[in-house]
Amino acid sequence: GEDVEQSLFLSVREGDSSVINCTYTDSSSTYLYWYKQEPGAGLQLLTYIFSNMDMKQDQRLTVLLNKKDKHLSLRIADTQTGDSAIYFCAETSNTGTASKLTFGTGTRLQVTL
Amino acid sequence: NAGVMQNPRHLVRRRGQEARLRCSPMKGHSHVYWYRQLPEEGLKFMVYLQKENIIDESGMPKERFSAEFPKEGPSILRIQQVVRGDSAAYFCASSPSQDNEQFFGPGTRLTVL
């Protein structure tokens, strides 16, 4: 079955880069996503990558995809205190009639001064 | 264009009562997904609906849980005879079609006493 794993916690200093990693098992994944969840809030889509891409950059965010190893990473450049949140990777594959998202367990990013 | 709306934002129920959670998708979106987030965990898919049809309910518990998305009005997730283990955040997402990005609502936080 599908399984998406992430490390639970990451602490970085303000101004440094953050790298959040994710591994998945479903080789039929078509899209892979990164969501941000702030305390008590819903999920905000940060970025996504199609499975035939290796890299996608969007301002401070860089997504790298290693499809062979089923490894996805999110790099946040110049990390700010406002980036403190839980980050979820998610994958979807159009199996039959549903394109449900399968989420990782989330990585809590703590940004220190 | 208002985002996905969920109400109530917080719901407290005693064991054995019923909980009704509402989700109004974004305008023009006819696909609705419900996810559950237990404390300190990622989101788990529950059910996927289109107008008047349940497409995939593979993540729904077999008993006490039901969902609908009528022709008019919001999607409803109904939990009968709630138990403490139902305490969680329930998120709704909507999309204009199966292959499109899912936009998440702010969630309903259910607490069962």
So which part of B:Gln102 gets closer than 4.5 Å to some heavy atom of chain A, the side chain, the backbone, both or neither?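 Both parts, backbone and side chain.
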Which atoms of B:Gln6 are under 4.5 Å from chain A, going by heavy atoms: the side chain, the backbone, both sets, or neither?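 No part of it gets close to chain A.
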For the residue pair [X] and [Y], establish whether any side-chain heavy-atom pair is separated by less than 4.5 Å.
X       : Y       : answer
B:Phe69 : B:His31 : no
A:Phe88 : A:Gln37 : yes
A:Thr92 : A:Tyr33 : yes

Return each pair, listed once, that meets side chain to side chain donor-acceptor pair (under 3.5 Å) where at least one residue sits in residues 52-66 of chain A; pairs must be two or more places apart or across chains.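 Passing the test, one end in residues 52-66 of chain A: A:Arg60-A:Asp83, A:Asn66-A:Asp69.
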Between the main-chain N or O of B:Ser58 and the side-chain N or O of B:Asp56, is there a donor-acceptor pair closer than 3.5 Å?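 Yes: the side chain of B:Asp56 pairs with the backbone of B:Ser58.
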Give the interface residues of residues 103-110 of chain A toward chain B, defined by a heavy-atom separation under 4.5 Å.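 Heavy-atom contacts from residues 103-110 of chain A to chain B are A:Phe103, A:Gly104, A:Thr105, A:Arg108.
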Parallel, tilted or perpendicular: which fits the ring planes of B:Phe104 and B:Tyr35, with parallel below 30° and perpendicular above 60°?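 Tilted: the ring planes of B:Phe104 and B:Tyr35 meet at 30° to 60°.
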Residue part contacting chain B, namely of A:Leu101, when any heavy atom lies under 4.5 Å: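 Both parts, backbone and side chain.
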A:Tyr48 portion near chain B, given a 4.5 angstrom heavy-atom threshold: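 No part of A:Tyr48 comes within 4.5 Å of chain B.
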Please assess B:Arg13 against B:Glu18 for the test salt bridge (Lys or Arg N to Asp or Glu O under 4.0 Å), listing each intermediate value before the final yes or no. CA-CA 7 Å; B:Arg13 285 287 178 266; B:Glu18 179 180 288; over 6 Å; no
How long is the straight-line distance from NZ of A:Lys36 back to CG of A:Leu43, given to the nearest 0.5 Å?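 So the CG of A:Leu43 and the NZ of A:Lys36 are separated by 11.5 Å.
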In terms of heavy-atom pairs under 4.5 Å with chain A, which of B:Ala93, B:Gly42, B:Ala89, B:Ser95 leads?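 Of the candidates given, the most pairs with chain A belong to B:Gly42.
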